[in-house]
Structures are given as structure tokens and as C-alpha cells.
Amino acid sequence: MKIATWNVNSIKARMHAVTAWLETANPDVACLQEIKTVDDSFPRLEIEALGYNIVTHGQKSYNGVAVLSKLPFEDVNPRLPGDESDEQARYLEVVVSAKTGPVRIASIYLPNGNPVREDPLKSPKYTYKLDWMARLKTHAEALLKNEEPLILAGDYNVIPRSVDTHDPKGWWGDALFRQETLDAFHALKYIGLTEMFEQFDNRGGEFTFWDYQGGAWQNNLGIRIDHLLLSPQAADRAKGIEIHKHVREGQKPSDHVPVVGEFDL
DNA sequence: ATGCCCGCGATACGCGGA
């Protein structure tokens, strides 16, 4: 079973790239981020025609997440618990029934967090990011008690290590790569989650995002910020991970590329 | 120099992204 994550940077602007990728990569489940549209405007028909069930948690103009699945959805839960006032659409959790039993999958669009001011804790966007990461940790701890395969897949907006950017000195201090962010990401992993790229590959210099500006793609100036975090029951059945870098070469590409995990589920 | 590119949209000398 292939479970993928991809920040598409607008589903409407990306439909040609998305359908072409679905047809060739043929994932069983695809978690999408930054669909940038409301649920009613999501282009369902073209994707359903490729054999996918669709759930969305959309928002006008910004954010928005979706899950596409060849298997039917047994359960759907939009929103990350812990802050009823949070109106940003960044989390969508589903359960599908694989041949080995239920598999819980979440599409995650973790806040960017920039700008970070001189006092990080007085930076509204950065404190929102840190709060969101703490909420994700609390929720993931509760989900781990289910002792089932759990895959938290998405755009984490976290550069885990210096080797996951072309320019660690340049990035250091940014909301994606600074001590408080790394501490929160480590705390999330430390509850018992496995970062899938670390499990199977762990090379430096493998990126999932290249900025549109300044010839970043042409010069391979990228960062690795799209991740799959796995419960022990998912990690035990994990087979391998691929970054679909070639997708960045296409017409009107997203600035992110898909990351695809293979599981014996 | 926070600009360069991209998508959205009360189409803005705007905003957010990373």
C-alpha cells in the first residue's frame, strides 16, 4: 500500500500535475496540503474518475487539506483538538480498512511560523506554530494508545537537520530551522513516532521543496520539510520511501514534490 | 536591500508562502 503526502500549492492551479502524478504514481492514499479552496469548490469529479474517494477540509484562499483514497473512508475527523478558536484548516484525519485491519492517516499542514521577531515568544505566527506542534503531540499521544498503524503525513515546515538544507547557516533562525522548532519536532517524535525518511534513507541533500525564486530548483537549493511520521505498528510494516523529485520538472509545478511511503498493509 | 516567484482575489502600491 502506497501512502503519499504532497503540498500542491492550490489544487485548482495544479490539477494537470495532480492527475498526471496520480495516474503514474498510483498511490492508494494521497494526503494533500494547501488546496487553497473551500470544500464546495474542490475539483472532485476529475479525481473521482481516477478511482479515488475524497475528503476535504478546505478554507478560502489559504491552507486547506484533503485526503484521496482508493479504499473507502471508515471515519473522518477534520480539525486538530486543543483549540476551538483555531479556524485554520490544517488537519484532516481518516481511517481506512486495509487487508490487515484499520489504518489511521492524517494530512497535516503545520504552520510556517514566520516571521520570528527578536523575542520568539512575542511573535504571534511563531507561537501559533509552537502551540500547534504541542497540540499535535498531545493528539498523537492519544492516538498511539490505539496501537494501530498510524501515519501522520504532511508539510511539517520543519527542517530536521542541517543536511536537510543546502544552506544551514542561511536558514538558521528561520521558523523552519531554529532551536525551539527542532525541540518541538524532537518532542513529537520522542512519544514513539518514527520519521520514515530517517528509517529508510537518511541521506543528506535530499529535498522536498525548492523555492520558485532565484533559480532554486535549477541550482538544487532546497529543503526537506515534508515528512511521514509513523506509529510502531506502521513502522513495523513500512517497506521504503521515495521522494518524487521529477514532479518538480513538470509544467507549472508546485514548489513541493510528493513523498511516497510503501507499506505492507 | 527581505527584492527575485507564485497563487489568491473587495485584482492591491494587497497577503501568505518558506
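Order of the sequence lines sets the chain letters (A, B, ...), proteins ahead of strands, with each chain counted from 1.
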Problem - Sugar-phosphate only, base, or nothing, as touched by A:Lys125 at under 4.0 Å among non-hydrogen atoms - result: sugar-phosphate
Exercise for the section: Taking atom C1' in both B:dA12 and B:dG7, compute the distance separating them and give it to the nearest angstrom. Expected result: 14 Å
Exercise for the section: State which residues pass ring pair (Phe, Tyr, Trp, His ring centres under 6.0 Å) with A:His139; sequence neighbours excluded, sorted by chain then number. Expected result: A:Tyr91
Exercise for the section: Could you measure between the two P atoms, the one in B:dT11 and the one in B:dC5, and give it in whole Å? Expected result: 23 Å
Handout entry: Comparing A:Pro111 and A:Ile11 on DNA chain B - which has the more 5′ nearest nucleotide
Key = A:Ile11
Exercise for the section: Look at A:Arg79 together with A:Glu93 and state whether they make a salt bridge at an N to O cut-off of under 4.0 Å. Expected result: no
Fill in the blank from the handout: Assign each of A:Ser10 and A:Asn63 the nucleotide of DNA chain B bearing its closest heavy atom; nearer the 5' end lies the nucleotide of A:Ser10
Problem - A:Trp6 (side chain) donor-acceptor with A:Ala30 (main chain) under 3.5 angstrom - result: no
Exercise for the section: State which residue, out of A:Phe185, A:Tyr156, A:Trp171, A:Trp172, fulfils the ring-ring contact (aromatic ring centres under 6.0 Å, His included) condition with A:Phe177. Expected result: A:Trp172
Completion exercise
A:Glu141 meets the side chain to side chain donor-acceptor pair (under 3.5 Å) criterion, sequence neighbours left out, with none
Practice task
Considering only atom C1', compute the distance from B:dG9 to B:dC15 and round it to an integer number of Å.
Solution key: 10 Å
Practice task
Indicate yes or no for a side-chain donor-acceptor contact from A:Asp28 to the backbone of A:Lys2 under 3.5 Å, with no hydrogens or angles considered.
Solution key: yes
Practice task
Have a look at A:Tyr156 and say if it touches a base, only the backbone sugar-phosphate, or nothing, with a 4.0 Å heavy-atom cut-off.
Solution key: nothing
Fill in the blank from the handout: In numerical order, the residues of residues 212-228 of chain A whose heavy atoms come under 4.0 Å of DNA chain B are A:Tyr212, A:Gln213, A:Ile223, A:Ile225
Problem - Lys/Arg-Asp/Glu bridge criterion (N-O < 4.0 Å) met for A:Arg117, A:Asp119 - result: no
Exercise for the section: Identify, with sequence neighbours excluded, every residue that meets side chain to side chain donor-acceptor pair (under 3.5 Å) alongside A:Arg135. Expected result: A:Asp86
Exercise for the section: Decide whether A:Arg104 and A:Asn77 meet the rule of one side-chain donor and one side-chain acceptor closer than 3.5 Å. Expected result: no
Fill in the blank from the handout: The first and last nucleotides of DNA chain B lying within contact of chain A, meaning any atom under 4.0 Å from one of its heavy atoms, run from B:dC4 to B:dA18
Handout entry: Per-nucleotide pairing state of DNA chain B [Watson-Crick or G-U, under 3.5 Å; [ ] pseudoknot-crossing; | other strand]
Key = ....((((.....)))).
Exercise for the section: Identify whether any heavy atom of A:Asn157 sits under 4.0 Å from a base atom; if not, whether one sits that close to sugar-phosphate; answer base, sugar-phosphate or nothing. Expected result: sugar-phosphate
Practice task
Assign A:Tyr62 to base, sugar-phosphate, or nothing according to its heavy-atom contacts below 4.0 angstrom with the strands shown.
Solution key: base
Problem - A:Tyr109 six-ring face occupied by A:Arg90 cation (under 6.0 Å, within 45°) - result: yes
Handout entry: Whole-angstrom distance between B:dG16 and B:dA10, as gauged at atom P
Key = 13 Å
Handout entry: Atom P, compared across B:dC13 and B:dA1: separation rounded to whole Å
Key = 24 Å
Handout entry: Cation-aromatic face contact A:Lys70/A:Tyr52, 6.0 Å, 45 degrees
Key = yes
